Novice: 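Can you read through this structure? Questions will come right after.
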Protein chains: 2
Amino acid sequence: MISLANMKNLKPGDFPPEIKGLRMTRQRREVLAVILRDRDHPTANDVFLRAQKRMPTISLATIYNCLEALVTHNIVRQVNLERESSRYCPNLSDHCHFQDEKSGKIHDVVFKKGVKLEDILELPKGTEVSHLEISLKGIFGK
Amino acid sequence: MISLANMKNLKPGDFPPEIKGLRMTRQRREVLAVILRDRDHPTANDVFLRAQKRMPTISLATIYNCLEALVTHNIVRQVNLERESSRYCPNLSDHCHFQDEKSGKIHDVVFKKGVKLEDILELPKGTEVSHLEISLKGIFGK
DNA sequence: ATTACGAATTAGAATAATTCCAAATTTCGG
DNA sequence: CCGAAATTTGGAATTATTCTAATTCGTAAT
Ligand SMILES: [Mn+2]
Ligand SMILES: [Mn+2]
Ligand SMILES: [Zn+2]
Ligand SMILES: [Zn+2]
């Protein structure tokens with residue numbers, strides 16, 4: 001598992017085995033560092049603005065390229081809420097997203113222990129789920 | 001409940017009470033008729049193409065306007081899958097959407113009887129859910 | 001039926017997120 | 001270090017959707 005801690009000294013070639021196949025570049029390292037730093041589900045443009053602080057020459061096209069690479073390699077999760085721009089989440093565990101209508105903040109929500117899809121949905125036999133997305137909006141308690 | 005049957009003779013002012021407040025126009029009637037005719041979750045552009053057959057002068061802007069009015073008045077449901085264009089669904093009962101990766105077809109999926117959100121998700125006390133969207137992708141059985 | 005007024009339609013321009021392009025640069029195995 | 005292949009980059013292109021402002025329409029009241 002990648003943590004912010006070991007990101008600091010990450011050099012090309014230092015990536016954990018599950019990232020093999022993804023060539024390491026300064027830009028990808030920076031984009032990943034931004035996403036791990038504040039886990040607030042930033043948009044591509046948010047990431048761009050933050051990455052620019054430490055890497056003033058990075059381009060928005062590169063942000064999109066890096067995000068795509070990280071998502072494809074399952075290092076980062078892409079989150080789509082309604083028609084808004086995509087957001088990016090470093091939490092790889094099973095969870096869904098709740099957007100608080102007051103603050104606009106997006107909260108990770110986990111499933112109760114032992115809940116399985118087939119217990120919830122009326123799916124015909126032989127169905128194979130490759131992708132699931134659950135998103136909520138409303139007032140987030142507490 | 002609005003059915004295709006009673007759409008045929010629908011005249012301005014004939015709308016059921018729950019649609020009061022929504023002014024009736026030829027265009028809105030046609031857009032609704034299109035969505036009720038084939039329940040295949042068409043995009044705005046699909047609706048445009050179909051509506052044009054019976055109403056050659058209708059504009060795409062009007063399709064968007066009508067869809068927005070119908071969605072706002074809870075006559076039609078807007079469905080967002082990943083980053084694709086919005087689709088529109090006349091099924092107002094509680095359900096979610098499964099996109100078959102082979103055929104591209106979108107299937108309505110219902111929840112098992114008695115399943116409640118709070119049984120599934122770890123939500124903090126006081127949370128109020130105003131909007132929920134569940135979408136799946138994969139191989140749809142049968 | 002006629003009128004009056006607010007609402008809806010329309011064509012086209014504008015917007016904005018994302019993707020594409022082709023040239024310059026970088027990575028990394030050998 | 002070299003070279004092939006991948007990546008970055010700025011800018012243009014794409015595309016779904018929204019906006020604008022002029023025209024037309026629907027409705028409720030006369
Ligand atoms: Mn996704
Ligand atoms: Mn929705
Ligand atoms: Zn998340
Ligand atoms: Zn549906």
Side-chain angles (χ1 to χ4, degrees), chain A residues 10-17 19-34 41-52 54-73 75-76 78-88, chain B residues 10-17 19-34 41-52 54-73 75-88 106:
Chain A
L10 216 51
K11 291 182 293 295
D14 284 356
F15 264 102
I19 308 186
K20 266 302 163 55
L22 180 63
R23 188 182 279 205
M24 193 34 45
T25 64
R26 285 188 313 127
Q27 290 85 347
R28 285 178 178 167
R29 209 177 307 122
E30 177 59 27
V31 166
L32 179 52
V34 164
H41 302 89
T43 63
N45 197 59
D46 294 335
V47 174
F48 179 46
L49 266 23
R50 295 176 197 176
Q52 270 188 322
R54 307 179 73 240
M55 196 179 278
T57 61
I58 197 169
S59 79
L60 182 54
T62 298
I63 302 291
Y64 275 103
N65 290 339
C66 292
L67 288 171
E68 184 186 17
L70 294 171
V71 168
T72 300
H73 287 76
I75 298 161
V76 162
Q78 183 171 10
V79 176
N80 300 305
L81 301 175
E82 310 254 298
R83 304 261 80 217
E84 298 179 10
S85 22
S86 284
R87 297 172 174 279
Y88 297 87
Chain B
L10 217 50
K11 291 181 295 294
D14 283 358
F15 263 102
I19 309 187
K20 267 301 165 55
L22 180 63
R23 187 182 281 206
M24 194 34 45
T25 63
R26 285 188 311 128
Q27 290 84 349
R28 285 178 178 169
R29 210 178 306 123
E30 178 58 28
V31 167
L32 180 51
V34 164
H41 303 88
T43 63
N45 198 59
D46 293 336
V47 173
F48 180 46
L49 265 22
R50 294 175 198 178
Q52 270 188 320
R54 307 178 74 242
M55 195 179 278
T57 62
I58 199 170
S59 79
L60 181 55
T62 299
I63 301 291
Y64 275 102
N65 290 339
C66 292
L67 288 171
E68 184 186 18
L70 294 171
V71 168
T72 300
H73 287 75
I75 298 160
V76 162
R77 200 173 132 182
Q78 184 172 6
V79 176
N80 300 306
L81 301 176
E82 310 254 296
R83 306 259 81 214
E84 298 179 9
S85 21
S86 283
R87 296 171 175 278
Y88 297 87
I106 290 157

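Everything numeric here is computed off the predicted structure, so don't read it as measured data. Computation of the quantities below employed the complete heavy-atom set of this structure, encompassing side-chain atoms and omitting hydrogens, waters and symmetry-equivalent molecules. Letters A, B, ... are given to chains in the order of the sequence lines, protein chains preceding strands, and every chain is numbered from 1.
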Novice: Please tabulate, for the side chains in residues 65-72 of chain A, all donor-acceptor contacts under 3.5 angstrom to protein atoms that are two or more places apart in sequence or on a different chain.
Specialist:
unit_1: A:N65; atom_1: ND2; unit_2: A:A61; atom_2: O; d: 3.3
unit_1: A:T72; atom_1: OG1; unit_2: A:E68; atom_2: O; d: 2.8

Novice: Round to the nearest Å and state the distance from B:L60 atom CG to D:dA16 atom P.
Specialist: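 Result: 10 Å.
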Novice: Is a donor from one side chain sitting under 3.5 angstrom from an acceptor on the other, for A:S86 and A:Q78?
Specialist: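 Yes - a donor-acceptor pair under 3.5 Å links their side chains.
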Novice: Starting from the 5' end of DNA chain C, give me the residue, B:R83 or B:S59, whose nearest nucleotide shows up first.
Specialist: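 It is B:S59 whose nearest nucleotide is closer to the 5' end.
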Novice: Between A:T25 and D:dT8, does any side-chain N or O lie under 4.0 Å from OP1 or OP2?
Specialist: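 Answer yes for this pair, as a side-chain N or O of A:T25 is under 4.0 Å from OP1 or OP2.
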Novice: So, using side-chain hydrogen bond (donor to acceptor under 3.5 Å, both in side chains) as the criterion, who are the partners of B:R54 when residues are at least two apart?
Specialist: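 Testing B:R54 for side-chain hydrogen bond (donor to acceptor under 3.5 Å, both in side chains), a comparison that skips the adjacent residues, returns B:E30.
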Novice: Taking DNA chain C as the partner, which of residues 61-68 of chain B come within under 4.0 angstrom of it by heavy atom?
Specialist: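 Hits under 4.0 Å, by residue number: B:A61, B:T62, B:N65, B:C66.
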Novice: Base, sugar-phosphate alone, or nothing: which one does A:T43 contact when heavy atoms must sit under 4.0 Å apart?
Specialist: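 The answer is nothing, as A:T43 stays clear of every strand by at least 4.0 Å.
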Novice: When you check the phosphate oxygens OP1 and OP2 of C:dT18, does a side-chain N or O of A:S86 lie under 4.0 Å from one of them?
Specialist: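 So the side chain of A:S86 is within the cut-off, an N or O lying under 4.0 Å from OP1 or OP2 of C:dT18.
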Novice: Output all residues satisfying side-chain hydrogen bond (donor to acceptor under 3.5 Å, both in side chains) with A:R50, sequence neighbours left out; order by chain, then residue number.
Specialist: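 With sequence neighbours excluded, A:R50 shows a side-chain hydrogen bond (donor to acceptor under 3.5 Å, both in side chains) to A:D40, given in chain and number order.
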Novice: Rounding to 10 degrees, work out the angle separating the end axes of the helix from C:dA1-D:dT30 to C:dG30-D:dC1 (five pairs an end).
Specialist: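 So the angle between the two local helix axes works out to 50°.
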Novice: Ignoring backbone atoms, test whether A:R23 places a side-chain nitrogen or oxygen under 4.0 Å from the OP1 or OP2 oxygen of C:dT26.
Specialist: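 Result: no.
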Novice: If each of B:R26 and B:S85 is mapped to the nucleotide of DNA chain D with the nearest heavy atom, which maps nearer the 5' terminus, i.e. the 5' end?
Specialist: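 Going by which nucleotide is closer to the 5' end, it is B:S85.
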Novice: Look only at the side chain of A:R28 and the backbone of A:R23, and say whether a donor-acceptor pair between them is shorter than 3.5 Å.
Specialist: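 Checking the backbone N and O of A:R23 against the side chain of A:R28, a donor-acceptor pair under 3.5 Å is found.
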Novice: Taking side-chain contact (heavy atoms from CB on, under 4.5 Å) as the definition, give me every residue that meets it alongside A:Y64, ordered by chain and number, with sequence neighbours left out.
Specialist: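 A:A44, A:L60.
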Novice: Can you tell me if B:Q27 touches the phosphate of D:dC25, counting only side-chain N or O atoms and a distance under 4.0 Å to OP1 or OP2?
Specialist: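 False: B:Q27 side-chain N/O out of range (4.0 Å or more) of D:dC25 OP1/OP2.
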